[in-house]
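This report concerns only the one structure given below.
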Amino acid sequence: MIVFPNAKINIGLRILGKRPDGFHELATAMVPVAWCDVLELVPAASGRSSLTLSGNALADACPPEKNLVMKALRAVEEDVGRELPTDIYLRKIIPDGAGLGGGSADAAFTVRALDELYGLALGQEQMAAIAASIGSDCPFFIYNRPMLALGRGTDLSPIDICLDGVEAIVIAKPRTDAVSTREAYAGAAPAPLAPGEDLRLLLAEAPGRWAGCGVKNDFEHSIFPLRPAIAALKDRIKAAGAVYTAMSGSGAAVFGLFDCKKSAEALVEALGDCQTFISDFPAAVR
């Protein structure tokens, strides 16, 4: 079985405070985008599971059992109470350290694929609970549609986002920059939402109004001074005509929404120093 784990962007990301469990309280809208890895699962003839990685240079940076894909396999096995010997082949295309949720998507799609491959009949809620045990972003990819994420990011509910006039999205990441989640949170300055900062209401406005009404990524305040190349990238995307631009998640990727696809295509040609992605937006994901 072959599936295509896709990335996500965060439209608005507010850090509201520290939770008793050590995580941070968040409010963000998560939206799937069609930048995808490639994941193949095959029942293991040997009776022992394996993981084969290819693609991005960082793909082999940790031992197989610490990879989120293998953690997902073990979590499903624990939930169903039996071993599921599986050979897993993962080609990493989504950039690492980008705030695009590539690793989380790989884990969630592993849960989904195992459910289908072995006829486990887990259901979305059960798969989301398994995914939440692996990582905070993972449950989102079980549903894989625009969601308002609260709590530590696992309290999900569907959200309607106005994308009137948007033709394309460009995502770019400086090749020399990556941001770890730990690094991003270390410099975060949590603050409660002010009256009127309800993301559901703000994102019902046209994208050209979002920045002016306070749709922002709180991580930018701590990351930009440390990584000026990311701040400069946001400026370049805005100058190219994006109606809205922001860093995604904890960075280092920055996205721009464009009402003119030709402007988006011209920007990608000019960003030769970055890893880039362009597509229609919103685009169908599987």
Side-chain angles (χ1 to χ4, degrees), residues 4-16 19 23-37 68 72 94-109 111-112 124-125 127-163 166 169-171 173 179 181 184-185 188 193 197-205 207 210 214-220 223 244-257 277 279 281-286:
F4 300 90
N6 57 268
K8 58 82 181 169
I9 58 169
N10 297 84
I11 303 180
L13 197 166
R14 304 303 308 275
I15 307 168
L16 309 181
R19 295 160 51 97
F23 290 94
H24 284 77
E25 195 80 20
L26 305 176
T28 184
M30 302 172 73
V31 181
V33 293
W35 201 351
C36 299
D37 290 338
L68 291 183
I94 301 167
D96 299 280
L100 298 173
S104 298
D106 297 334
F109 272 70
V111 174
R112 290 169 49 178
Q124 277 195 329
E125 290 188 6
M127 287 192 288
I130 295 170
S133 73
I134 304 163
S136 295
D137 284 350
C138 294
F140 165 77
F141 292 101
I142 298 296
Y143 302 101
N144 216 25
R145 58 153 294 176
M147 288 281 189
L148 178 66
L150 303 175
R152 66 181 180 96
T154 57
D155 299 337
L156 301 170
S157 58
I159 184 172
D160 293 321
I161 299 174
C162 176
L163 294 171
V166 174
I169 183 171
V170 172
I171 307 173
K173 175 185 174 291
V179 179
T181 303
Y185 276 108
L193 293 176
E197 288 188 312
D198 184 334
L199 271 178
R200 286 191 183 278
L201 297 178
L202 297 181
L203 295 182
E205 300 282 347
W210 290 349
V215 179
K216 59 183 179 178
N217 183 337
D218 284 348
F219 281 121
E220 293 182 4
I223 294 299
Y244 180 77
T245 182
M247 191 172 72
S248 182
S250 55
V254 179
F255 68 90
L257 303 182
F277 170 81
S279 81
F281 190 74
V285 293
R286 288 183 275 176

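When a residue number appears, it is its place in the shown sequence, counting from 1.
Counting heavy atoms from C-beta on, the side chains of Ile223 and Asn217 never come closer than 4.5 Å. At a threshold of 4.5 Å between non-hydrogen side-chain atoms, the residues Thr28 and Phe140 do not count as touching. At a threshold of 4.5 Å between non-hydrogen side-chain atoms, the residues Phe255 and Val33 do not count as touching. A heavy-atom distance below 4.5 Å is not found between the side chains of Pro5 and Phe141. In this structure, the side chains of Glu25 and Arg14 stay at 4.5 Å or more apart for every pair of heavy atoms. Side-chain contact between Leu202 and Val215 is present, with heavy atoms from C-beta onward closer than 4.5 Å.
Closest approach of Arg200 and Asp198 over heavy atoms only: N-OD1, 2.9 Å. Pairing each heavy atom of Phe4 with each of Phe109, the nearest pair is O-CE2, 3.6 Å. When all heavy atoms of Cys138 and Ala107 are compared, the closest pair comes out as SG-CB, 4.0 Å. The two residues Ala29 and Ile159 make their nearest non-hydrogen contact at CB-CD1, 4.5 Å. Smallest separation of non-hydrogen atoms from Ala204 and Cys162: O-CB, 3.5 Å. In terms of heavy-atom proximity, Gly99 sits nearest to Asn10 at O-OD1, 4.0 Å.
Below 30°, between 30° and 60°, or above 60°: for Trp35 and Phe277 the angle between ring planes is below 30°, a parallel geometry.
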Sequence neighbours left out, cut at 3.5 Å: what donor-acceptor pairs do the side chains of residues 142-152 make with other protein atoms?
unit_1: Asn144; atom_1: OD1; unit_2: Asn6; atom_2: ND2; d: 3.2
unit_1: Asn144; atom_1: ND2; unit_2: Asn6; atom_2: OD1; d: 2.8
unit_1: Asn144; atom_1: ND2; unit_2: Arg286; atom_2: O; d: 3.4
unit_1: Arg152; atom_1: NH1; unit_2: Ser136; atom_2: OG; d: 2.8
unit_1: Arg152; atom_1: NH2; unit_2: Ala132; atom_2: O; d: 3.2

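No side-chain donor-acceptor contact under 3.5 Å links Glu197 to the backbone of Gly214. Side-chain atoms of Asp137 never come within 3.5 Å of backbone atoms of Gly101 as a donor-acceptor pair (strictly under, hydrogens ignored). The backbone N or O of Leu100 lies less than 3.5 Å from no partner atom in the side chain of Ser248, so there is not a single donor-acceptor pair.
Rounding to the nearest 0.5 Å gives a distance of 7.0 Å between CG of Leu156 and CE of Met30. In this structure, Ile11 CD1 and Leu203 CG are separated by 6.5 Å, a value rounded to the nearest 0.5 Å. How far CG of Asp37 is from CD1 of Ile94: 4.0 Å, rounded to the nearest 0.5 Å. We find the CD1-CG distance between Ile9 and Leu257 to be 5.5 Å, quoted to the nearest 0.5 Å. Rounding to the nearest 0.5 Å gives a distance of 8.5 Å between CG of Leu13 and OG of Ser250. To the nearest 0.5 Å, atoms NZ (Lys173) and CG (Asp96) are separated by 8.0 Å.
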Practice item. Evaluate side chain to side chain contact (heavy atoms under 4.5 Å, CB included) for Ile15 paired with Leu26, printing each intermediate quantity in order. Key: CA-CA 5 Å; Ile15 307 168; Leu26 305 176; 4.2 Å; yes

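More than 12 heavy atoms of other residues, nucleotides or ligands lie within 6.0 Å of CD in Gln124, so this atom counts as buried by the packing criterion.
Qualifying ring pair (Phe, Tyr, Trp, His ring centres under 6.0 Å) partners for Phe281, counting only residues two or more places apart in sequence or in other chains: none.
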